[in-house]
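Data block below; observations after.
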There are 2 protein chains.
Amino acid sequence: MTSITDVARLAGVSVATASRVVSEADYAVSAPTRARVLEAAEALDYVPNALARGLLKRHLPVVGVIVHDITDPYFAEVVRGVEDGAHGLGYLVVTCSSERDPQREASYVRLLRSMRAAAVIFAGSGLDDPNLNAELSRHAAAMRAGGAAIVHLSPHAHGEPEIGVDNAAGIAAMVGALAGLGHRRLAFLAGPASLYVARDRLAGYRRGLAEHGLEEDERLVVEGGFDAEAGAAGVDALLGRRAPFTAIAAANDLLALGALRRLAERGIRVPDDVSVAGFDDIAAAATTAPSLSTVRLPLRELGRRGFEHADRALAGERSAPVILPTEVVLRGSTAAPAPNPLPIGGPA
Amino acid sequence: MTSITDVARLAGVSVATASRVVSEADYAVSAPTRARVLEAAEALDYVPNALARGLLKRHLPVVGVIVHDITDPYFAEVVRGVEDGAHGLGYLVVTCSSERDPQREASYVRLLRSMRAAAVIFAGSGLDDPNLNAELSRHAAAMRAGGAAIVHLSPHAHGEPEIGVDNAAGIAAMVGALAGLGHRRLAFLAGPASLYVARDRLAGYRRGLAEHGLEEDERLVVEGGFDAEAGAAGVDALLGRRAPFTAIAAANDLLALGALRRLAERGIRVPDDVSVAGFDDIAAAATTAPSLSTVRLPLRELGRRGFEHADRALAGERSAPVILPTEVVLRGSTAAPAPNPLPIGGPA
DNA sequence: GCGTCAATAGTAAACCTTCTCTATCCCGCG
DNA sequence: CGCGGGATAGAGAAGGTTTACTATTGACGC
């Protein structure tokens, strides 16, 4: 593989001069010399060695994104946003599917540290699991000390995200929209209590109820996983509790999609018998039947701005936290409530 | 940031010895010395510099995956498979969404080359666009010459994939399944003719027709994009051609999903008026209403085996090409044909 | 005609590892 | 008792780049 030494030799200049040309350094090189170097580089198909450069600059133009699972459309969208920002500036994006396993997460961050990644973006929410996070924090601190940028897009053990979304307000707005349709008994699929973001969303649900004078009934809140399977199970749990409801709001779209499926399997009609609302507005939300009412999160923008924040931090600039707005999107899965609330009087 | 020099000093040994311990080299180091080094590394929170190591070994433990778009569930699944294989061996995965733009693809591969990625996996199909691929091939050749592994998971300009899927057989099997239900007039949403994989699938459609004694009618084949939007447009095109059909097979699920949506908008019932079948079995296929009949591709396995192939190639082993099997999955979107084929006599 | 200065080019150190040699020690054997 | 050789440790080069420092040139003012 050809190195800058070869280029310098062919151009008849020193490596220093060749370097100044190919690295576009801010240093005066005469036009003819520059042309000779460029020509030599072209002829030799020279591509600079980013490892050597990184060794000197103390970091590689690579940004790692820690996600729960890249096949979860929420995270795929965020990663794409990061990539949108990164590609233009010559950064590469490393995806790390942690499965929300602190062990695995730490091992990914260690790997990123070992290759001196310029930044790590934590796309997913932190877990309330203090004893398992020691190694993770150690690596993060070391990277920060080494000049790398650490960015969070969700609440985490050590605070609020640098770039985030107002989860509580978003859910509260959806609760408001359902209340506006006439619903008074709203169930909530809350997801895992250990996830900070799920907590925020649950708080938003409670706030929404309070804001619209609706009564809270703990039997209507179901905790569990954060995926479609948990959504289906949530419907089962809800129907077993014998507390009436006319709508189900979910802490994310996957949960709502699972609920939709289970309701269909049980012969409960949406939105005729019960309304269903999700959160996130992943692509699938628009294409189900009925299409899913949800709250749109600017996920791609979240990723892009997350990268931009990292880039600014790398340049030594401090920037204030940003909260991106959410938007309620009403589709086919919500309507005015049925006269007989589920499960009492319903088909259960 | 602490280096191996610090570790060596603290342990009271030379850097060579420290290196031999921390890099788990195959070299005898006495137990007490080893323990002292390990202790020092632990105390100093030492993490080896992968750049320095990579500079010497001539490549970094990083594998790039070139995809069309990471938010396309097909590719997300493949990338996850690559990650599954890579993580255990300490490799990091770089995602590159090329948007099927040869320019962008080349720039990604150049970047991967510059950081001496150990492997590049092309997950998406090649484009028949010879003049724009020169830079791309140059980089790929250079990387291969430098010892990196180049793996294709789809047909491409220079041949067949190292690890692939029998696209033609899969589509032919689906055509057979539809024929088995009694369909004789099968439309096909073929995707872009410039994509090698789309060509294979179109060939499979033709083969399937032939195998079941069905007549080919060019009016029933619609080319176009490879996404949901194109699927919707395909339905419009089909209905405008006034050639009767009772089923639509699509070259991928996104196309089929778009078709499903447009059919619903036009008040055409699936599967009562027309059957619809997809290809790939992305997660969304199971959750639409009606759920989508499709052909399952082992995407995650495809990714995992793609990585394993790369890993073997890195170790200098040659392995034979692998074709993974596909499986027809019949769900709610297919049924026996309607008495009156669309569009003649249908609701159009 | 000489010192000063700007423009341009070159030299060599540094970044952090790994690995090839070389050195030391000690054991056992002839 | 001398020596071969195995086990262990260290010295130093190499890998490709950037950059602080130094050197050379030529123009210019005096």
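These numbers come from a predicted model, not from an experiment. Order of the sequence lines sets the chain letters (A, B, ...), proteins ahead of strands, with each chain counted from 1.
- Within the 4.0 Å cut-off from OP1 or OP2 of C:dA9, at least one side-chain nitrogen or oxygen of A:T33 is found.
- C:dG10 atom P lies 14 Å from atom CZ of A:R9, rounded to whole Å.
- Using the six-membered ring where Trp is involved, B:H152 and B:H156 have ring planes that are parallel, under 30° apart on the 30 and 60° scheme.
- Among the nucleotides C:dG10, C:dA9, D:dT17, the one closest to any side-chain atom of A:S30 is C:dA9.
- Between the side chains of A:S107 and B:H87, a donor-acceptor pair is found at a separation under 3.5 Å.
- In this structure, A:L55 atom CG and D:dG16 atom P are separated by 12 Å, rounded to whole Å.
- Following rounding to the nearest Å, B:R113 (CZ) and D:dG16 (C1') show an atom-to-atom distance of 14 Å.
- In this entry the distance linking NZ of A:K57 with C1' of D:dA20 reads 14 Å, nearest Å.
- Nearest-nucleotide assignment on DNA chain D puts the 5′-proximal partner with B:A28, out of A:P48 and B:A28.
- Between A:Y27 and the phosphate of D:dC21, there is no side-chain N or O to OP1/OP2 separation shorter than 4.0 Å.
- Atom CG of B:N49 and atom P of D:dT17 are 16 Å apart (whole Å).
- To the nearest 0.5 Å, atom CD1 of residue B:I4 and atom OG of residue B:S19 are 4.5 Å apart.
- Put simply, B:S14 has no side-chain N or O that comes within less than 4.0 Å of OP1 or OP2 on D:dA11.
- Contact annotation: the side chain of A:F307 never approaches that of A:V93 to less than 4.5 Å [non-hydrogen atoms, C-beta and beyond].
- If you measure from atom CZ of B:R53 to atom P of C:dC15, you get 19 Å, rounded to the nearest angstrom.
- For the pair B:T2 and A:G12, nearest-nucleotide mapping onto DNA chain C gives the more 5' position to A:G12.
- Residue contacts shown for B:R58 are limited to sugar-phosphate atoms, with no base heavy atom under 4.0 Å away.
- Protein atom CG of B:L56 is 7 Å distant from nucleotide atom P of C:dT18, rounded to whole Å.
- Annotation for A:R104 and A:S97: closest pair NE-O, 2.8 Å, computed over non-hydrogen atoms.
- Within the 4.0 Å cut-off from OP1 or OP2 of C:dA9, not a single side-chain nitrogen or oxygen of A:T17 is found.
- As rounded to whole Å, 7 Å separates atom C1' of C:dA9 from atom CZ of A:R20.
- For B:V15, whose side chain is taken as the heavy atoms from C-beta onward, the closest listed nucleotide among D:dG10, D:dG12, D:dT18 is D:dG12.
- Side chain of B:S3, nearest nucleotide from C:dT17, D:dT18, C:dA9: C:dT17.
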